[in-house]
Amino acid sequence: QVSLVESGGGSVQAGDSLSLSCAASGRTLSAYGVGWFRQTPGKERDFVAAISRGGGNTMYSDSVKGRFTISRDNTKNVAFLQMTSLEPNDTAVYYCAARSQILTAPLNGDDRAYTYWGQGTAVTVSS
């Protein structure tokens, strides 16, 4: 079992950048695929990005492709979401999640596939 804690959220202006971190404890994060999701009040949780266990494969939602970068450092048991060119509609609570998977498993953008979740970190982008 792994526990996840996000950090790095905050309030920024449109066009700014922000970097989120997801620190894992318990079992090593390298055993898990990692995803980032976001949610606004009254709406479903949306997929943002995913990364394979080794970090070699990534996947993004169309809305963030080219602006956000997911990465991980398995030696430090942490994953990241670097966000640039932020827009007001990026405002949400961002969650990292982990799923047990074999090394060759395809990336997954379905939040039902993820077992472990952090508590979320809020990002607010003002115009």
Side-chain angles (χ1 to χ4, degrees):
Q1 183 169 334
V2 65
S3 296
L4 305 172
V5 178
E6 303 94 335
S7 62
S11 296
V12 297
Q13 297 292 315
D16 286 350
S17 300
L18 205 58
S19 184
L20 306 183
S21 297
C22 173
S25 61
R27 196 176 175 196
T28 176
L29 192 60
S30 62
Y32 301 89
V34 172
W36 284 93
F37 295 80
R38 63 188 182 186
Q39 188 172 27
T40 55
K43 295 188 177 181
E44 294 184 352
R45 191 159 47 192
D46 291 331
F47 169 71
V48 175
I51 189 167
S52 58
R53 285 176 55 182
N57 293 316
T58 57
M59 182 172 71
Y60 299 92
S61 69
D62 287 342
S63 62
V64 307
K65 196 174 297 182
R67 299 188 298 122
F68 290 12
T69 302
I70 188 172
S71 62
R72 64 191 299 162
D73 185 345
N74 286 339
T75 66
K76 297 181 178 179
N77 246 19
V78 64
F80 305 98
L81 184 69
Q82 177 68 36
M83 306 184 293
T84 64
S85 301
L86 282 161
E87 304 167 353
N89 58 10
D90 292 318
T91 295
V93 176
Y94 284 72
Y95 299 90
C96 72
R99 60 186 293 258
S100 297
Q101 61 183 67
I102 59 174
L103 279 172
T104 55
L107 298 177
N108 197 315
D110 187 340
D111 62 352
R112 295 170 296 179
Y114 292 79
T115 305
Y116 305 102
W117 292 83
Q119 83 290 347
T121 186
V123 173
T124 302
V125 184
S126 302
S127 58

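Heads up: numbering here begins at 1 and tracks the sequence. Note that the structure is a prediction, hence the values are computed from the model and not measured.
Cluster annotation: Met59 and Tyr95 are assigned to the same hydrophobic cluster (Ile/Leu/Val/Met/Phe/Trp/Tyr, side-chain heavy-atom contacts under 4.5 Å, transitive). The hydrophobic clustering, which links ILVMFWY residues whose side-chain heavy atoms are closer than 4.5 Å, places Phe80 and Val12 apart. Residues Val93 and Leu81 do not share a hydrophobic cluster, clusters being chains of Ile/Leu/Val/Met/Phe/Trp/Tyr side chains in contact below 4.5 Å. In the hydrophobic clustering of ILVMFWY residues, with side-chain heavy atoms under 4.5 Å counting as a link, Val2 and Val34 come out together. Under a hydrophobic-cluster definition in which Ile, Leu, Val, Met, Phe, Trp and Tyr are linked whenever side-chain heavy atoms come within less than 4.5 Å, directly or via other members, Val123 and Val64 are assigned to the same cluster.
Side-chain atoms of Asn77 come within 3.5 Å of backbone atoms of Leu29 as a donor-acceptor pair (strictly under, hydrogens ignored). Formation of a donor-acceptor pair under 3.5 Å by the Glu6 side chain with backbone atoms of Gln119 is found in this model.
Listed here is the closest heavy atom pair of Trp36 and Ser21: CH2-O, 3.7 Å. For Ala50 against Asn108, the heavy-atom pair with the smallest separation is CB-O, 4.0 Å. Taking both residues in full, the closest heavy atoms of Pro88 and Ser126 are given as CG-C, 4.5 Å, listed atom of the first, atom of the second, then distance. Across every non-hydrogen atom of Val125 and Thr91, the tightest pair is N-OG1, 2.8 Å. Taking both residues in full, the closest heavy atoms of Ser100 and Tyr32 are given as OG-CE2, 3.3 Å, listed atom of the first, atom of the second, then distance. The minimum heavy-atom distance linking Asn74 with Gly54 is given by the pair ND2-CA, 4.3 Å.
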Review point. How far apart are the C-alpha atoms of Arg38 and Asp90, what are their side-chain angles, what is the distance that settles it, and do they pass the side chain to side chain contact (heavy atoms under 4.5 Å, CB included) test?
Key: CA-CA 9 Å; Arg38 63 188 182 186; Asp90 292 318; 2.9 Å; yes
Practice item. Let me see the working for Gln82 and Ser19 under side chain to side chain contact (heavy atoms under 4.5 Å, CB included), right down to the final yes or no. Key: CA-CA 4 Å; Gln82 177 68 36; Ser19 184; 3.2 Å; yes
Practice item. Evaluate the side chain to side chain contact (heavy atoms under 4.5 Å, CB included) criterion for residues Arg27 and Gln1: first the C-alpha distance (whole Å), next the side-chain angles of each, then the deciding distance (0.1 Å), finally the verdict. Key: CA-CA 6 Å; Arg27 196 176 175 196; Gln1 183 169 334; over 6 Å; no
Point to revise | Evaluation steps, side chain to side chain contact (heavy atoms under 4.5 Å, CB included), between Leu86 and Phe68 | key: CA-CA 9 Å; Leu86 282 161; Phe68 290 12; 3.8 Å; yes
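With sequence neighbours excluded, no residue satisfies ring pair (Phe, Tyr, Trp, His ring centres under 6.0 Å) with Tyr60.
Separating the OH atom in Tyr94 from the CG atom in Asp46 is a distance of 9.5 Å, to the nearest 0.5 Å. Interatomic distance, Ser85 OG to Asp16 CG, rounded to the nearest 0.5 Å: 9.5 Å. With rounding to the nearest 0.5 angstrom, the OG atom of Ser127 is 11.5 Å from the CD atom of Glu87. The CG atom of Asn57 lies 11.5 Å from the CD1 atom of Ile70; values are rounded to the nearest 0.5 Å. Here SG of Cys22 is found 9.0 Å from CZ of Arg72. Values are rounded to the nearest 0.5 Å.
Using the six-membered ring where Trp is involved, Phe37 and Trp117 have ring planes that are tilted, between 30° and 60° apart.
Side-chain polar atoms of Tyr114 and Arg99 form no donor-acceptor pair below 3.5 angstrom.
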